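Remarks on the structure that follows.
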Amino acid sequence: MTQSLSLEPRSAVGNPSVATPDLFGDAIPFLKPWLGEEEAEAARQVILSGWICQGPKVAEFERLVASRIGVRHGVATNSCTSALHLTLRLNGIQEGDEVVLPTWTCMATANAIHQCGARPVFGDIDSRTYNLDPMSAEAAITPATKAIILVHQIGLPGDIDAFRALAARRNLILIEDGACSFGATYRGKAIGSHGSPTCFSFHPRKMITTAEGGFIATDDAELAEKARILRSTGASISDLERHRAMGALVQQYEDFGYNYRMTDMQAAIGLVQLRKLEAMLNARAAQAKFYDDSFQDSPDIEPPHVPSDRTHCFSSYLVRLRRGIDVNAVARFVMHRGVPVRMGIQPLHKEPFYAERWKGYSFPESEAAAAETLFLPIFPGLNQSAQETIVKVLRDAVAQESSASKG
Ligand SMILES: *Cc1c(COP(=O)(O)O)cnc(C)c1O
C-alpha cells in the first residue's frame, strides 16, 4: 500500500514511517533517515523482478534526479567519493597535479584527489558561510594546480560565481562537491545546474538516501558517457544492453575502469526518496527556523548565516558559540542530558595523515570554526517538543560555561 508523506510524528520523537526493528529507540537521535513501507516495497519489487544490479531503475533515477537539478545528464554511482574520483580523472587530473579544496571538509573530498595520484592543497573558509574563501583558494594556486573543488558545505552553497570567475581567470577546472547540498539553490537555481560538474551523495547523512550512493550532474554529454563506461569496469556496453542482446554483443575495453555501480534496489529506494524531497526540504527549513528564532536573543549562541542570494537545505544545523566558551564542555553537558550533538568539522590539515606535510601552516578561520561550532539534531520527523528540549538544554549548558569562561 502506498503511504502518505505526512510528517506527523508517531511518538514524542520519531519518524512516522520507520520499519521495525527501530534501532533508534525513544531517545532523541542525532539523525534518522525518513524511510518506510514505500521504500521497502520498492526494493522488494526490484528483488522479485530478478534484475537487482544496475539496470532500468538506475536509468530512471538518473533521468529524474538530473531533471530535478536541471541538467542534461546524470550518472549514478555507489558513492560521492567515486563520483568525485570519476569526475577528477575524466578531467585529466593525475599524478603531479594539485587540486585546491577547503581544509574544513570531509576526508572523502581529499580521498578522491589521492585516488587520482594528485595532491590536495588546502585553502581556508569564509568565517560566516563556512565555505571555501575565493581569496584563500587563489593564494593556494601554484603552477601545478589543475582544479578547484568547491564544497557546498553542510547544505549552504558556496560563492559559485566567484569561483567560476577565478577558474576562468587562472585557467583551472572547477568541480563542485554538493554531497550534502542536494536541493539547495544559488541565485535561484539548484546546486548542480551552474555549469560545472557537480557530485552528490545519497548516504543517510545527506538529503535523500539510497543507503550508499553518489551522482554526477553535468551538461557535458561526453563526460557523462565516459563516466558511465568507467563506473562499470571500463566496458563499452552495459550489463543490461548485453543481457538484452542475449550475448550477441561483445563489450570492448578502451581504458581500465572501476566497479562504481549503483544497484537497482538502491535506485528504487532513491526514486521514493526523491518524491519526498520537497517535504524534506520544507521540514528541515521549518526546523532550522525554529532553532534560529530560539537563539535570536542569545549573545552566546549564533545561528547559521545564509546570504540572501542562496538557500540552505540544512542537511546539518551548525551553531557557533561565543569565543571563549568551551565547546567540549558544552557538548559533554548536553550529551549527559540525552541531547546528541556533534563537534563541528575538524580541519583536514590537522589530521595525522597531513600533520607532517602541513606543519606550520595555519588556516585561522577553519581552526576557529572547529573550536567554536556544534551540530544540533535536524532531520524530517524531529518534532517541536524535541527541539524545545534541545534548545533548553543547550542554553543551560552555554549559560553555565559562559559564566565559567567569564569567571
Ligand atoms: C559525505 C560527503 C562526501 C562523501 O560522500 P560518500 O557518498 O560517503 O562518498 C564528500 N564530500 C562531502 C562534502 C560530504 O559531506
Side-chain angles (χ1 to χ4, degrees), residues 30-31 33 58 61 65 74-89 99-116 120 122-126 129-132 137 147-160 163 174-184 186 191-192 196-217 227 231 258-263 266-267 269-270 273 284 304 312-318 342-349 351 366 369-370 373 375 378-379:
F30 179 67
L31 64 90
V58 169
F61 183 62
V65 172
V75 181
T77 58
N78 59 355
S79 72
C80 182
T81 310
S82 54
L84 284 167
H85 178 207
L86 290 180
T87 306
L88 288 163
R89 183 178 150 189
V99 178
V100 174
L101 76 165
T103 181
W104 204 75
T105 187
C106 177
M107 183 69 188
T109 317
N111 285 342
I113 298 167
H114 289 296
Q115 283 178 280
C116 294
F122 300 124
D124 207 353
I125 54 169
D126 175 271
T129 65
Y130 304 113
N131 278 314
L132 186 57
I148 300 175
I149 300 182
L150 173 59
V151 181
H152 303 301
Q153 199 53 273
I154 62 176
L156 180 67
D159 194 349
I160 297 174
F163 280 93
L174 181 65
I175 293 167
E176 296 171 53
D177 178 348
C180 36
S181 296
F182 185 58
Y186 175 82
I191 289 308
S196 312
T198 306
C199 298
F200 295 94
S201 172
F202 303 127
H203 182 271
R205 243 198 117 149
K206 319 296 169 149
M207 295 302 289
I208 64 169
T209 187
T210 57
E212 299 284 356
F215 201 85
I216 306 167
R231 84 172 156 188
Y258 313 93
N259 178 354
Y260 284 169
R261 293 182 296 258
M262 179 183 274
T263 68
Q266 292 171 295
I269 293 168
Q273 289 271 297
R284 288 176 183 273
H312 202 314
C313 63
F314 290 107
S315 57
S316 300
Y317 188 91
L318 191 76
R342 300 279 185 273
M343 306 295 291
I345 295 170
Q346 301 302 302
L348 290 180
H349 71 279
E351 294 297 335
S366 299
T373 58
F375 288 115
I378 190 164
F379 56 87

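Atoms within a ligand are numbered from 1 in the order they appear, just like the ligands themselves. A quick note: this is a predicted structure, and the numbers were derived from the prediction, not measured.
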Counting from 1, what ligand 1 atoms have a heavy atom of [X] closer than 4.0 Å?
X	value
G213	7 (O)
A108	3 (C), 4 (C), 10 (C)
C180	15 (O)
T109	11 (N)
V151	13 (C)
S79	7 (O), 9 (O)

Close side-chain approach of [X] to [Y], heavy-atom, < 4.5 Å:
X	Y	result
N131	D159	no
I345	T105	no
S315	K206	no

Open item on the list: Does the Lys NZ or Arg CZ of R205 fall within the cation-pi geometry relative to F375 - under 6.0 Å from the ring centre and within 45° of the axis?
Closed with: yes
Open item on the list: Please verify the inter-ring angle class for F122 with H349; under 30° counts as parallel, over 60° as perpendicular, anything in between as tilted.
Closed with: tilted
Open item on the list: Applying a heavy-atom cut-off of 4.0 Å, say which part of D177 lies close to ligand 1: side chain, backbone, both or neither.
Closed with: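 Looking at D177 and ligand 1, just side chain atoms fall under 4.0 Å.
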- [ ] Examine the proximity of ligand 1 to A179 and report which part, side chain or backbone, both or neither, has a heavy atom under 4.0 Å away.
- [x]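 Only the side chain of A179 comes within reach of ligand 1.
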Task: Donor-acceptor pair, side chain of Q273 and main chain of T209, under 3.5 angstrom - done: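 Between the backbone of T209 and the side chain of Q273 there is a qualifying donor-acceptor contact (under 3.5 Å).
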Task: Heavy-atom pair of closest approach, residues H85 and Q115 - done: NE2-O, 3.6 Å
Can you confirm, on distance only, whether ligand 1 has an N/O atom lying under 3.5 Å from any N/O atom belonging to [X]?
X	answer
K206	yes
C80	yes
T105	no
Q153	no
E212	no

Open item on the list: Tell me if the aromatic rings of Y186 and H152 count as close, with their centers under 6.0 Å from one another.
Closed with: no
Open item on the list: Checking side-chain polar atoms at under 3.5 Å, does N111 have a donor or acceptor matched by the opposite partner on T81?
Closed with: no
Open item on the list: If we only consider heavy atoms of A83, is any one of them less than 4.0 Å away from an atom in ligand 1?
Closed with: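 A83: no contact with ligand 1 (<4.0 Å).
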Task: G214 to ligand 1, any heavy atom closer than 4.0 Å - done: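 Per 4.0 Å heavy-atom rule, G214 does not contact ligand 1.
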Open item on the list: Walk me through whether Y130 and L156 qualify under side-chain contact (heavy atoms from CB on, under 4.5 Å).
Closed with: CA-CA 8 Å; Y130 304 113; L156 180 67; over 6 Å; no
Task: Taking atom 9 (O) of ligand 1 as the reference point, the nearest protein heavy atom with its distance - done: T81 OG1, 2.5 Å
- [ ] Quick one: look up the protein heavy atom nearest atom 8 (O) of ligand 1 and list residue, atom name and how far away it is.
- [x] S201 OG, 4.2 Å
- [ ] Among V100, L132, T87, I113, find the residue that satisfies the side chain to side chain contact (heavy atoms under 4.5 Å, CB included) test when tested with I149.
- [x]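 So, applying the side chain to side chain contact (heavy atoms under 4.5 Å, CB included) to I149 and each of V100, L132, T87, I113, only I113 qualifies.
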